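Hydrogens, waters and symmetry mates play no part in the numbers below; they use all other heavy atoms, side chains included. Everything numeric in this text was worked out from a predicted model, so none of it was measured.
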Amino acid sequence: MESYFLDWANLLLRWLHVITAIAWVGSSFYFVFLDSSLTPPQDEDLKKQGVSGELWAVHGGGFYHPVKFAVSPPKLPDHLHWFYWESYTTWLSGFALLTVSYLWNANIYLVDPSDPHALHPHAAIAAALAFLVVLWLLYDGICRVFGQRERGDAIVGALVLVLVCGAAWLACHIFPGQAAFLLMGAMLATSMSANVFFWIIPGQRTVVADLKAGRPVDPIHGKRGKQRSVHNTYFTLPVLFAMLSNHYGWLHSHAQNWLVLILMMFAGAAIRQFFVMRHGFKLGRNRHPWPYALAGVLVLIATAVWLKPVPKAAAAPVAPVAAAAPSAAPAAGVPGYDAMSTLFTQHCVVCHSAATLAQKNVKLDTPEDVKLHAAQVYQQVVVLRKMPFGNPGALTDDERSLVKRWYEGGAPVQ
């Protein structure tokens with residue numbers, strides 16, 4: 001029953017997480033677009049009110065005219081909408097999902113049993129949580145120390161790049177590849193939400209309180225909030241890649257998976273820079289940002305070429321699995337069922353058995369079930385290298401070769 005309830009929790013949390021993430025990313029992208037597309041107001045009344053930019057837009061059958069005040073409006077409206085629950089709910093649901101999927105089963109997903117230097121599951125949980133906190137503290141420290149200096153944005157960008165690269169290398173050397181990729185996404189997402197919680201919203205609350213009290217508004221709050229908001233938009237595509245990568249074992253199981261992760265996150269940030277600057281280009285504020293898009297696409301292409309499978313000599317044709325009789329004895333050199341049963345018991349039946357409600361409706365705890373699902377086992381273990389889910393590194397190359405020889409030899413179950 002535990003597996004059943006965990007599956008329900010995983011499904012509902014994942015649903016909530018995706019919905020709130022769409023809302024958060026959507027509002028973030030919209031306001032980046034809005035800031036980049038504002039033009040100086042033409043109306044004299046708007047200028048007198050302190051409006052620094054305006055935009056005319058059409059959507060959904062109506063016309064919209066948003067305006068931005070450089071520091072503060074002359075008078076606060078009765079109703080003021082705050083954008084923060086999208087961020088908080090995304091992080092809370094994501095952390096709950098991380099807990100249910102990875103921390104709860106740390107011995108499966110956070111530890112590689114084939115690694116003699118692997119952490120104890122409890123230590124792996126502590127390390128995973130420490131990664132979330134430490135990355136934020138280091139990133140926040142960089143912003144505090146260098147953010148307001150001359151050329152501060154460039155310095156912060158360079159140092160954060162070094163920090164992210166170092167974190168990716170360390171995560172991929174401590175955790176199995178899939179967990180490392182996911183944790184990198186969680187680390188960046190934690191910093192994004194912490195930016196909202198510790199800087200953007202408190203700064204806005206201070207501005208609102210000063211306006212209500214009739215005190216002068218310090219523009220530093222808006223500058224700091226804007227800086228962290230810009231950082232968030234560059235983190236977005238790397239975070240989304242890291243979260244989606246767990247479906248592609250050939251990415252996170254690569255021997256240099258840390259470099260794969262860095263290259264893909266760099267490509268995402270470069271492509272995001274193209275879209276951010278594109279709006280300014282259309283208004284004549286900057287040159288065409290095509291070099292950023294080109295750099296991102298070239299990195300993606302180069303990574304795809306680098307990771308392509310190495311061609312192997314064609315094996316002799318074998319009879320389809322369905323053609324082999326369930327009771328047929330294995331041919332010479334073909335692993336028997338005893339060897340496969342040992343492998344399945346060690347790595348697979350924890351999720352694929354009648355007792356665990358058979359994930360994906362695949363059961364591997366009887367010879368008949370193994371024979372029935374042999375093709376799926378071959379596809380997931382040998383071709384895609386996705387299994388065991390959450391920790392594909394738990395299977396060695398020799399064990400995958402064992403599955404390959406067994407399947408291509410007719411998948412005997414005697």
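- Atom-to-atom distance recorded for H17:NE2 and L12:CG is 14.5 Å, nearest 0.5 angstrom.
- Ring planes of F181 and H252: perpendicular class, angle over 60° (limits at 30 and 60°).
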- Message: Quick one, L129 with L103, criterion side chain to side chain contact (heavy atoms under 4.5 Å, CB included). Give me CA distance, side-chain angles, the key distance, then yes/no.
- Response: CA-CA 9 Å; L129 296 176; L103 304 186; 4.0 Å; yes
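- Both the sub-6.0 Å distance and the 45° axial angle are satisfied by R205 relative to the ring of W82.
- Counting only N and O atoms by type, the side chains of T190 and W91 include a donor and acceptor under 3.5 Å apart.
- Judged purely by distance below 3.5 Å, without hydrogens or angles, the side chains of Q178 and Y248 never pair a donor atom with an acceptor atom.
- No side-chain heavy atom of H279 sits less than 4.5 Å from a side-chain heavy atom of L34.
- Within 6.0 Å of the CH2 atom in W306, the count of heavy atoms belonging to other residues, nucleotides or ligands exceeds 12.
- A side-chain N or O of Y234 and one of Q273 form a donor-acceptor pair less than 3.5 Å apart.
- Using a distance-only test at 3.5 Å, with no hydrogens or angles considered, a donor-acceptor pair links the side chain of R400 to the main chain of V381.
- Side-chain contact check for S193 versus Y88: some heavy-atom pair is nearer than 4.5 Å.
- A salt bridge links D140 with R228: at least one charged nitrogen is closer than 4.0 Å to a carboxylate oxygen.
- The 12-atom threshold is exceeded at NZ of K226, counting heavy atoms of other residues, nucleotides or ligands nearer than 6.0 Å.
- In this structure, a donor-acceptor pair under 3.5 Å is absent between the side chains of Q204 and Y84.
- N257 and L251 get closest at one heavy-atom pair: CB-O, 4.0 Å.
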- Message: Could you go through W104 and I125, starting from their C-alpha distance and side-chain angles, then the distance that decides it, and tell me whether this counts as side chain to side chain contact (heavy atoms under 4.5 Å, CB included)?
- Response: CA-CA 9 Å; W104 190 274; I125 293 172; over 6 Å; no
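- In summary, the side chains of R272 and T233 do present a donor paired with an acceptor at a separation below 3.5 Å, with no hydrogens or angles considered.
- When all heavy atoms of L283 and S37 are compared, the closest pair comes out as CD1-O, 3.5 Å.
- Formation of a donor-acceptor pair under 3.5 Å by the S27 side chain with backbone atoms of A23 is found in this model.
- For the residue pair T90 and T20, a side-chain donor N or O sits within less than 3.5 Å of a side-chain acceptor on the partner.
- Under a 3.5 Å cut-off, the side chain of N246 and the backbone N or O of L182 do not form any donor-acceptor pair.
- Taking the six-membered ring where the residue is Trp, the centroids of Y378 and W406 are separated by 6.0 Å or more.
- A 4.5 Å side-chain heavy-atom check between R224 and Q148 finds at least one atom pair inside the cut-off.
- Note that CZ of F344 is 10.5 Å distant from OG1 of T342, once rounded to the nearest 0.5 Å.
- Taking each heavy atom of N10 and V100 in turn, the nearest pair found is N-CG1, 4.2 Å.
- Aromatic ring centroids of H221 and W199 lie 6.0 Å or more apart.
- Side-chain contact check for V297 versus F274: every heavy-atom pair is 4.5 Å or farther apart.
- Summarising the geometry, atom CE belonging to M184 is positioned 10.0 Å from atom CG belonging to L170; distances are rounded to the nearest 0.5 Å.
- At distances below 3.5 Å, not a single donor-acceptor pair connects side-chain atoms of S101 with backbone N or O atoms of L98.
- Nearest heavy-atom pair across C143 and H231 is SG-CE1, 3.7 Å.
- Within the 4.5 Å cutoff, side-chain heavy atoms of N232 are placed close to those of V196.
- For the pair S36 and V276, the tightest heavy-atom approach, listed with the atom from each and the gap, is OG-O, 3.6 Å.
- Residues E399 and H347 have side chains in contact (heavy-atom distance under 4.5 Å, counting atoms from C-beta outward).
- Here the OG atom belonging to S191 is positioned 9.0 Å from the CG atom belonging to L132, to the nearest 0.5 angstrom.
- One distance of note links CD of Q256 with CG of L263; it measures 11.0 Å at 0.5 Å rounding.
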- Message: Test side chain to side chain contact (heavy atoms under 4.5 Å, CB included) on F131 and L183; report intermediate values, then the result.
- Response: CA-CA 8 Å; F131 262 85; L183 282 171; 5.6 Å; no
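- Aromatic ring centres of F83 and H81 lie closer together than 6.0 Å.
- Looking at V370 and M340, their side chains never come closer than 4.5 Å, going by heavy atoms from C-beta outward.
- Here the closest non-hydrogen pair linking V111 and A124 is CG2-CB, 4.0 Å.
- Under the 6.0 Å cut-off for aromatic ring centres, Y139 and F235 qualify, their centroids lying closer than that.
- In H122, the NE2 atom is not crowded: 12 or fewer heavy atoms of neighbouring residues, nucleotides or ligands sit closer than 6.0 Å.
- Side-chain contact check for F69 versus S52: every heavy-atom pair is 4.5 Å or farther apart.
- Residue H65 qualifies as enclosed at atom NE2: its count of foreign heavy atoms under 6.0 Å is above 12.
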- Query: Given the rule in the side chain to side chain contact (heavy atoms under 4.5 Å, CB included) test, do D218 and T206 qualify, once you have shown the distances and angles that lead to the verdict?
  - Reply: CA-CA 9 Å; D218 189 344; T206 299; over 6 Å; no
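- With rounding to the nearest 0.5 Å, the separation of CG in L261 from OG in S245 is 7.0 Å.
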